[in-house]
> 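Take a look at this one; I'll ask things after.
Sequence lines set the chain letters: A, B, ... in the order given, protein chains first and strands last, and positions in each chain run from 1.
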2 protein chains.
Amino acid sequence: VSAAGEVLVACCQLAPRIGEVEPNRAAAAAAIEDAAARGAQVVVLPELCVSGYVFEDADEARSLAEPVDGPTVTGWRTLARRLGVVVVGGVCELDDDGLLRNSAVLVDADGTVGAVYRKAHLWDREDVAFAAGTEPPPVVDTRFGRLGVMVCYDLEFPEWVRLAALGGAELLCAPANWPAAARPDGERAPEVVRTQADASVNRIFVAVCDRTGVERGVDWVGGSVVVDPDGFPLAGPAAGGEVVTVVARCDLARARDKRVSARNDVLADRRPELYGGVAARGG
Amino acid sequence: VSAAGEVLVACCQLAPRIGEVEPNRAAAAAAIEDAAARGAQVVVLPELCVSGYVFEDADEARSLAEPVDGPTVTGWRTLARRLGVVVVGGVCELDDDGLLRNSAVLVDADGTVGAVYRKAHLWDREDVAFAAGTEPPPVVDTRFGRLGVMVCYDLEFPEWVRLAALGGAELLCAPANWPAAARPDGERAPEVVRTQADASVNRIFVAVCDRTGVERGVDWVGGSVVVDPDGFPLAGPAAGGEVVTVVARCDLARARDKRVSARNDVLADRRPELYGGVAARGG
């Protein structure tokens with residue numbers, strides 16, 4: 001990371017095909033290579049970018065799962081080390097207990113696995129195949145800054161993003177598969193708007209890598225975006241339907257300054273002693 | 001409230017002048033009358049809409065403060081009863097202990113005071129004059145639905161909005177004075193974007209009434225807005241610089257349905273057992 005803390009962040013919006021593991025893996029690898037050639041230092045890939053997303057049932061998901069030491073992450077480790085980039089991507093993980101997890105793996109630029117995060121907030125039929133994670137979003141010191149990791153629907157729980165920010169995340173990397181929905185003309189997808197808010201209430205950078213390509217009747221927002229601590233997009237939101245890499249230069253030093261006025265700081269101004277109801281069970 | 005739960009909500013974006021209490025009070029009363037004449041059932045006014053905002057010092061704020069049984073709220077009670085409307089407005093409150101509070105008062109349509117909420121998250125120099133509140137945002141059953149109340153900068157703390165939603169708020173009413181800042185062409189003010197996210201992550205309606213009119217060098221967003229549970233503006237954001245009332249019809253029944261897919265519910269999907277860090281002191 002440069003003295004100024006500037007990092008080039010890329011989100012590679014891909015179009016995986018369900019079950020076509022080898023071509024999907026090759027497309028992800030090519031996207032990492034391409035992003036690195038453009039100078040990217042942090043490369044974010046979509047959720048479940050090698051298996052595909054719309055599984056028929058748990059058996060199909062299991063047939064496409066692999067452990068963290070399987071070929072997908074091993075390939076990312078080789079690429080990360082060779083290219084000197086951090087990779088954050090979504091994996092259909094078979095964990096050590098034999099459970100399936102909708103995971104995001106962070107590989108540091110030296111090829112080590114920095115974090116394996118298991119999605120805690122599952123969307124729609126994901127719970128047919130996946131066990132929900134029970135660990136908070138990891139925050140990891142990488143060669144290119146302090147990175148937080150979560151997956152897609154997790155972003156819609158401001159409590160979860162807050163935990164990453166309180167943990168010191170400067171850049172939150174989130175593989176996603178955002179299902180498309182109708183919206184009024186001229187309006188951004190609500191997923192993008194929520195990402196903007198996630199960034200600005202915490203004064204962090206957020207990079208969401210979405211997917212594209214209709215899969216078993218499901219279409220996607222295709223709104224990959226890198227948002228700055230003011231909540232403004234630096235790159236993207238991408239156009240739906242496009243296989244495209246969005247790239248933004250992020251001065252991560254900005255995310256270490258939480259001031260929003262001469263006397264305000266978005267984290268110090270919190271009143272955690274009054275927030276007990278947010279963490280109360282059955283609340 | 002109609003069988004369908006439809007409520008007409010108005011935000012009266014005013015231009016109070018610091019210290020000109022009588023004209024400001026008259027302008028607020030005229031705006032309530034006008035909104036009611038247009039059919040509004042819930043009328044939201046700006047923060048500190050009678051005193052003005054940019055106080056020189058605590059003494060000036062104190063000279064403009066009044067208790068809840070003072071002329072401003074008494075006037076709103078008379079109007080609310082006569083017109084059959086709920087009024088939520090910002091008051092420079094002198095409390096029973098002699099402390100100044102940046103408060104929002106909710107008056108129900110029968111003229112009773114339903115809630116006195118004291119802003120818990122103070123902006124910039126507000127703490128020179130005001131003591132911060134220590135009570136969560138109230139949620140009150142009114143003639144026109146279950147309403148939550150908070151003030152301006154409170155909206156930027158998703159924990160606070162969540163508490164109101166967990167308390168059953170269908171429509172969150174927030175008097176505000178949003179200070180203006182530069183933003184890229186084509187971008188909404190981040191305050192508006194955060195309001196959209198507040199609404200959609202909780203599936204509630206949010207009505208923010210901002211002010212306008214440069215005051216001692218401070219200009220304002222002037223982005224009064226009513227947002228629906230999908231996060232889309234139903235009315236506004238208003239144009240900065242305009243004294244204007246934005247009006248939207250809100251079907252509050254929508255805010256009682258938290259489902260976002262066949263198997264997802266934005267409140268039931270929370271993992272409060274994992275959110276302890278959000279409420280931890282010094283966290």
> So which of A:R183, A:E159, A:E187 has the biggest tally of heavy-atom pairs under 4.5 Å with chain B?
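Maximum pair count with chain B is reached by A:E159.
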> Return the minimal non-hydrogen interatomic distance between B:Y153 and A:N264, and the atom names on each side.
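Answer, listing the atom of B:Y153 first, then A:N264: CE2-ND2, 3.4 Å.
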> Determine the option with the most heavy-atom pairs under 4.5 angstrom with chain A, choosing from B:A132, B:P158, B:P179.
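Most heavy-atom pairs within the cutoff with chain A belong to B:P158.
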> Is it the case that more than 12 heavy atoms not belonging to A:R259 sit under 6.0 Å from its CZ atom?
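No.
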> For chain B, find its close neighbours in residues 119-131 of chain A: heavy-atom separation under 4.5 Å, sorted by number, or none.
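Interface residues of residues 119-131 of chain A: A:A120, A:H121, A:L122, A:W123, A:D124, A:R125, A:D127, A:V128.
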> Does anything in residues 192-208 of chain B get under 4.5 Å of chain A by heavy atoms, and if so which residues?
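Under the 4.5 Å heavy-atom cut-off, B:V193, B:R194, B:Q196, B:A197, B:S200, B:V201 qualify.
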> Verify the neighbour count for atom CG of B:D96: are there more than 12 heavy atoms of other residues, nucleotides or ligands below 6.0 Å?
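No, CG of B:D96 has 12 or fewer neighbouring heavy atoms, counting only those of other groups under 6.0 Å.
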> Need one label for A:V260: side chain, backbone, both or neither, based on atoms under 4.5 Å from any heavy atom in chain B.
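Both the backbone and the side chain of A:V260 come within 4.5 Å of chain B.
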> For side-chain contact (heavy atoms from CB on, under 4.5 Å), just list the numbers for B:R188 and A:F232, CA-CA rounded to whole Å, side-chain angles, deciding distance to a tenth of an Å, and then say yes or no.
CA-CA 9 Å; B:R188 283 189 177 138; A:F232 299 122; over 6 Å; no
> Shorter than 4.5 Å, heavy atoms on both sides: which option in B:G167, B:P190, B:G276 has the most such pairs with chain A?
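Answer, by heavy-atom pair count under 4.5 Å with chain A: B:P190.
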> Assess the residue pair A:W160 and B:L274 against the criterion (side-chain contact (heavy atoms from CB on, under 4.5 Å)); give the C-alpha distance rounded to whole Å, side-chain angles, the decisive distance to 0.1 Å, and a yes or no.
CA-CA 9 Å; A:W160 214 235; B:L274 303 179; 3.6 Å; yes
> Is a side-chain N or O of A:R162 found less than 3.5 angstrom from the main chain of B:F157, in a donor-acceptor match?
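No, because the side chain of A:R162 does not come within donor-acceptor range (under 3.5 Å) of the backbone of B:F157.
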> For the OG1 atom of A:T134 and the CZ atom of B:R271, what is their distance to the nearest 0.5 Å?
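Here the rounded value is 7.0 Å.
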> Check whether A:D265 gets within reach of chain B through its side chain, its backbone, both or neither, counting any heavy atom under 4.5 Å.
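Backbone of A:D265 only, per the 4.5 Å heavy-atom cut-off to chain B.
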